[in-house]
Amino acid sequence: MESVSTLLDNYLVIDIETSIGKVPTGTKLFGADCAHPDATPLLVGTLKESTTKFYRREEIYHLPLEGKLIVGHNFAFDWSHLRSYLYGYDFFLWDTMLAEYLMMSQYTRDLHGASTSLSLDSLVNAKSSPNSQYISEMFKHGYGIDYIHPTLAIEYLTDDLEFTELLFRNQLESLRTTCGDTFCTTARYMINQMTASLTTAEMHREGLMVSRKKLEDMRHRYQEEIDKTKEELNAAMRDTKRYNDIALDWLGENWMNSPSKVSTLLYGGDFTYDVYVPTGTHYKTGARKGEPKHKREQRSQPIMGMIGGSSTDRTTGAAELKKLSKRFPEFDWFFKPLLKLRNLNKSISTYIDGIEAHIYPDGKIHGNYSHSRTATKRLASSRPNLQNLSNVSDTLSDGTIIFPKDVFVTDKNYQYAEIDYSSLEVRVLALASNDANLIQYINNGVDMHRMFASRLYNKSEDDVTDNERKLAKAFSFQLQYGASAKGIAKQWDQPLDLVQRFIDEYYEEFPAVKHYHEKLLENLDRFAGHRGDVADNTPVRYSVLPSVWAFNGQRDLASTHRHIGGFGMVETVWDNKYRGGKQTNFKPTTAKNYPIQGAAADIM
């Protein structure tokens, strides 16, 4: 990369406007997506220092991008369209949306100091022309730039270009003021991070091919298993002799889909039903002449709950059902199939329906990969969410294992490769804390989860079960993520003393990690300040977390406090306040994970 100052001077602001295709009913497609056959870039604008130029679709090939710093807002969307007209890229990127996110994380502010979202209009908070406001409403209702008069389209695009350039200049000024001598280093880091977003834009554009046949076969297998499980559960309900025919008739065959009926079965209560009783009179005329008349009466009948409970404690969520199944093993015949049904239905709605709703006409899903959605800067996936899909599976009663990821296929000459970093965040924690034991264990390939499990359960490592190792691994990551002993015990439904013993063992084995966590919390106090909340000017306590790259647990945190503007740093708000319409609930203990996960995201 050439010098940062030279690159920043050689910038070009770009924005595009597209047509918007119709979205079929029952799908969750995006009408302006590059994958939609009716969405094409019809107008491209460039701007630098008040010089504006516009390109029609057939002129996109002439865009002067080479060697420049391209400035755009959410440029991944623009690039996914432009890439069809341009071969590769030889430029760097400054995305004003990503820059704002890197500098301020989710608690960003507009040019007037008010909390805001990361949209261009919100950040600039400038008054658009009435025509631009009208065009924005047209876009929201599914009408693209091809429905707008050319003069108004140019005016609208010019507004966006000028707003983006204004935001770009303000971000550079803010970065120079905040970073001082480290400005060039920080700007170089940010440009590298933002340019990397072009890779995920390419991933979005390329998409993943879905086999509709595999999708339907999978749906059929799931539905068969659901029907079979429901039959078995209903048979078990009849066999218990707990419920008479009236109660069973009220429940019906699909009672497991009704939270209120599940609640009544668990905690007890009355249900109402209709009966028809003779009135003592007969029909005197018509086809039913001479037949006795009946009237409908509503009656009630109590059901004794399996576990009882107060009138307010009637939760039927999956998490509560799992807890109850452990407390009441005598009702395993009830909880086990009910939880299985919940999981199977969730798999259909999330992975079968969810994937199907996002298939474009080219037979692919084109998922979104966002670099600005999470507080710790890790990559996020949506439309649909593809993260963790590789770990999802369901085991059917015949032993068959269904992997939803199998619906994705490649051309016959290609194969998918699944690649992951090994213990990335643990390695970053070792870097941040400089813990000698942790570094040694990583270098020697020690199975730390098995080691801690053997200590927890007083058995040799060879005798540790997979489930015991899994729990030790979960405890380890939860602790790293900043959870307390009480929080870990609650989430994993484990004894508090067992979890506390694990934490004590962990910190005894890795004392520098404990020191690092303590210093992080100390930093929140040392550099905490107050500022007025936007809504009511109430003082809100906030602080800044240090970067892993600038602090290894042994140095004075004061020397790293001003290194804001990337490097995994996160501005934190402590109080339960509504800021910019979003409620924040940042607890100091959760700060332990933010620099670690942020740095891991930098590496990715």
Would you say the ring centers of Tyr11 and Phe168 fall short of 6.0 Å from each other?
yes
Let me see the working for Asp217 and Arg221 under salt bridge (charged side-chain N to carboxylate O under 4.0 Å, His left out), right down to the final yes or no.
CA-CA 6 Å; Asp217 286 347; Arg221 294 300 305 275; over 6 Å; no
Centre of Phe30's six-membered ring, under 6.0 Å away, within 45 degrees of the axis: is that where NZ or CZ of Arg383 sits?
yes
Proximity of His204 and Tyr369 rings by center, below 6.0 Å
no
Do we see a donor-acceptor contact under 3.5 Å between the side chains of Tyr156 and Asn131?
no
Please indicate whether Lys364 has more than 12 foreign heavy atoms, meaning atoms of other residues, nucleotides or ligands, lying under 6.0 Å from its NZ.
yes
Regarding Asp146 and Ser19, do their side chains bring together a donor and an acceptor under 3.5 Å, going by distance alone?
no
Tell me, with the steps shown, if Glu165 and Arg169 meet salt bridge (charged side-chain N to carboxylate O under 4.0 Å, His left out).
CA-CA 6 Å; Glu165 185 180 42; Arg169 292 182 177 278; 3.7 Å; yes
On the 0 to 90° scale, with breaks at 30° and 60°, tag the Phe77-His81 ring pair as parallel, tilted or perpendicular.
perpendicular
Taking 4.0 angstrom as the limit, do Arg176 and Glu173 come out as a salt bridge?
no
Any chance the side chains of His73 and Thr96 put a donor and an acceptor closer than 3.5 Å?
yes
Ion pair check, Glu59 and Arg56, cut-off under 4.0 Å
no
Under 4.5 Å between any side-chain heavy atoms of Ser381 and Asn368, yes or no?
no
Just checking, Lys22 and Tyr143: is the charged tip under 6.0 Å from the six-membered ring centre and within 45° of the axis?
yes
